[in-house]
Student: 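Have a look at the structure that comes next, please.
Every chain is numbered from 1, with letters handed out A, B, ... down the list of sequences. Note that the structure is a prediction, hence the values are computed from the model and not measured. These numbers come from the heavy atoms of this one structure, side chains and all, not from hydrogens, waters or symmetry mates.
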Amino acid sequence: MIDLKLLEKDFDNIANKLKKKKVDENLLSNLKDKFSLLKSKKSILEELQAEQNKKSKLFPTYKKEGKDIALLKKELEENKKKIQDANEIVREIEEDLKQIALNIPNIPDDEVPKGEDEEDNIEIKKVGVLPQFDFTPKEHWDLDSEQNIIDFKRGVKLAKSRFSVLKGVGARLERALINYMLDFNKQRGFEEVVVPYIVNKDSLQGTGQLPKFADDLFKIENEELYLIPTAEVPVTNLFRDEILNEEELPIQLTAYSACFRKEAGSAGRDTRGMIRQHQFDKVELVCITKPEQSDEVFNKMVSCASDLLTSLGLPHRLVELCGGDLGFSAAKTIDLEVWLPGQNKYREISSISNTRDFQARRAMIRYKNGKKNLLTNTLNGSSLAVGRTLIAIMENYQKEDGSFDIPEVLQKYMA
RNA sequence: GGACAGAUGGGUGAGCUGGCUUAAACCACAUCCCUGCUAAGGAUGCGUAGGAGUGAUCCUACCGAGAGUUCGAAUCUCUCUCUGUCCGCCA
């Protein structure tokens, strides 16, 4: 959530920064005014409450001294009505304020490039050598036209479009990749956790998926529960409403989970193949840090994911997202895009974000710094999207007859 | 899913016949003092959020969550959530 005190103090600067994310300045000034209004109405309420408290305490002494309490009582009854009215006003403003504030995205870092959409993202570097073929490389669905590895037809039969079934080598490769990624991340200092795939509203609000992006989530009928769109939600919310010890930071975790997304806004995009599914596997990295640690940890996460791709022999590039393409909660994001020879394109396989204190403020994740409780920073990133890694292997390691090799590092996991 | 019991600060835990509670006490923790060595004792401080003030300090809210009764609620009433125990079901 946006820091309302900062908004009040430094309005022009923040409004200017949020232009990169296309936030309307009028909305922000409205928010700022509401915040000031709330403070003044609240102090009126508190004065009334103070009076009520003070005078209520007179009753025992009045009774002891045998004084008449009728007048005092009448006075307090009237004051009580004033309190109720004032309370109603404060509550309305608070509700209103919260609705606006929760829908304002994070402020991008200063060095985030300006831009509208993914066309304006900046390539930072390319890693690895593109594979050369003396035939025309195929897309993954053409490599497996019999659907012996990825069975899209039956996935649809079981659920609906954008679901699939992995079989044989496909199923084993998926599991091998998950295990390999978790082991790799562990070696880099990330501790593994296993978390629920269903979470409540508070958790989703903490990481920023709610209230704004309810349409992207699968909701459990008749319950305030949702399937997770990413392990980032449960893993980050592990520390919601907690005050951590300074010494335990940075916390560096990794988790495998299935992820569930409605893909509401992407009708018609990537309808073929494994790229965009309603259910997919992902190994995630989540870090909770002190603010001054988060840039260093961010870089560590990026190199972890990039080195993982390199170790699998997958050429890729690092791309810094421009303001317009940045996610709701992110202050800065670097995407890793893997080379898909069948598509002759780089495609996103990992997205690593520093949310600074945006999620921490929503989820109240703090740490004790001497006497003060300060907000942490939270970071998250994929390492990696497993299904996309699987097809990247199929396409990059393909042979003319449609078969493909398994990267060396995975072979012991396939035994 | 059914029955019963419970939810109080970092932990344990009293208060729960409404106002002498400003949430006791103990433990843990921090600083200091005394002592002088398989240790012991003492003093002070020690929840969260918001607000006012240069500051000491003061005000408001919070005893699982939300509503209600009352001049006044940790304490009474209702609803919900969660935890424990027993039963049922289940990998």
Student: When the P atoms of B:G64 and B:C59 are considered, how many whole Å apart are they?
Tutor: 24 Å
Student: If you measure from the C1' atom in B:C76 to the same atom in B:G15, how many Å do you get, rounded?
Tutor: 15 Å
Student: Rounded to the nearest Å, what distance is computed from the NZ atom of residue A:K41 to the C1' atom of nucleotide B:G51?
Tutor: 16 Å
Student: Using a 4.5 Å cut-off on heavy atoms from C-beta on, say whether the side chain of A:E263 contacts that of A:R269.
Tutor: no
Student: Distance between the C1' atoms of B:C29 and B:G9, in whole angstroms?
Tutor: 14 Å
Student: Is there a donor and acceptor pair, one atom on the side chain of A:K63 and one on the base of B:G19, closer than 3.5 Å?
Tutor: yes
Student: Whom does B:C32 pair with, Watson-Crick or G-U wobble, provided both distances fall under 3.5 Å?
Tutor: B:G42
Student: Write down the distance separating the C1' atoms in B:U8 and B:A73, rounded off to the nearest Å.
Tutor: 14 Å
Student: Tell me which nucleotide, if any, is Watson-Crick or G-U wobble paired with B:G64 when both distances must be under 3.5 Å.
Tutor: B:C80
Student: Could you please name the partner base of B:U17, counting Watson-Crick and G-U wobble pairs only when both distances are under 3.5 Å?
Tutor: none
Student: Between B:A61, B:G19, B:C71, spot the one nearest the side chain of A:Q49, thanks.
Tutor: B:A61
Student: Is any side-chain N or O of A:K55 closer than 4.0 Å to OP1 or OP2 of B:G19?
Tutor: no
Student: For A:N79, which contact category applies under a 4.0 Å heavy-atom criterion: base, sugar-phosphate, or nothing?
Tutor: nothing
Student: Measuring from the side chain of A:N53 (C-beta onward, heavy atoms only), which nucleotide among B:A67, B:A61, B:C71 has the closest atom?
Tutor: B:A61
Student: Considering only side-chain heavy atoms of A:R366, which listed nucleotide, B:G19, B:A67, B:A49, is closest?
Tutor: B:A49
Student: Are OP1 or OP2 of B:U48 and a side-chain N or O of A:K368 less than 4.0 angstrom apart?
Tutor: yes
Student: With a 3.5 angstrom cut-off on both distances, give the Watson-Crick or G-U wobble partner of B:U12, or none if there isn't one.
Tutor: B:A25
Student: Answer whether the closest heavy-atom distance between the side chains of A:S306 and A:L336 falls below 4.5 Å.
Tutor: yes
Student: Compare all side-chain heavy atoms of A:T207 with those of A:T230 and state whether any distance is below 4.5 angstrom.
Tutor: no
Student: Could you please name the option among B:G19, B:A61, B:U48 that lies closest to any side-chain atom of A:S56?
Tutor: B:G19
Student: Out of B:A49, B:A67, B:C71, which nucleotide sits closest to the side chain of A:F59?
Tutor: B:C71
Student: Taking atom CZ of A:R154 and atom CG of A:D151, what is their separation to the nearest 0.5 Å?
Tutor: 5.0 Å
Student: Where the side chain of A:L76 is defined as all heavy atoms beyond and including C-beta, which of B:G50, B:C71, B:A49 is the nearest nucleotide?
Tutor: B:C71
Student: Please step through ring-ring contact (aromatic ring centres under 6.0 Å, His included) for the pair A:Y413 and A:Y180, ending with a clear verdict.
Tutor: CA-CA 7 Å; A:Y413 288 89; A:Y180 173 65; 5.7 Å; yes
Student: Can a salt bridge be assigned to the pair A:K186 and A:E192 using a cut-off of 4.0 Å between side-chain N and carboxylate O?
Tutor: no
Student: Side chain of A:E46 only, please: which of B:C71, B:C59, B:U48 is the nearest?
Tutor: B:C59
Student: Would you mind pulling out the nucleotide paired to B:G55, Watson-Crick or G-U wobble, both distances under 3.5 Å?
Tutor: none
Student: Measuring only the C1' atom in each nucleotide, how far is B:U83 from B:U31? A whole number of Å is fine.
Tutor: 38 Å
Student: Considering just the side-chain nitrogens and oxygens of A:K80, establish if one lies under 4.0 Å of OP1 or OP2 belonging to B:G72.
Tutor: yes
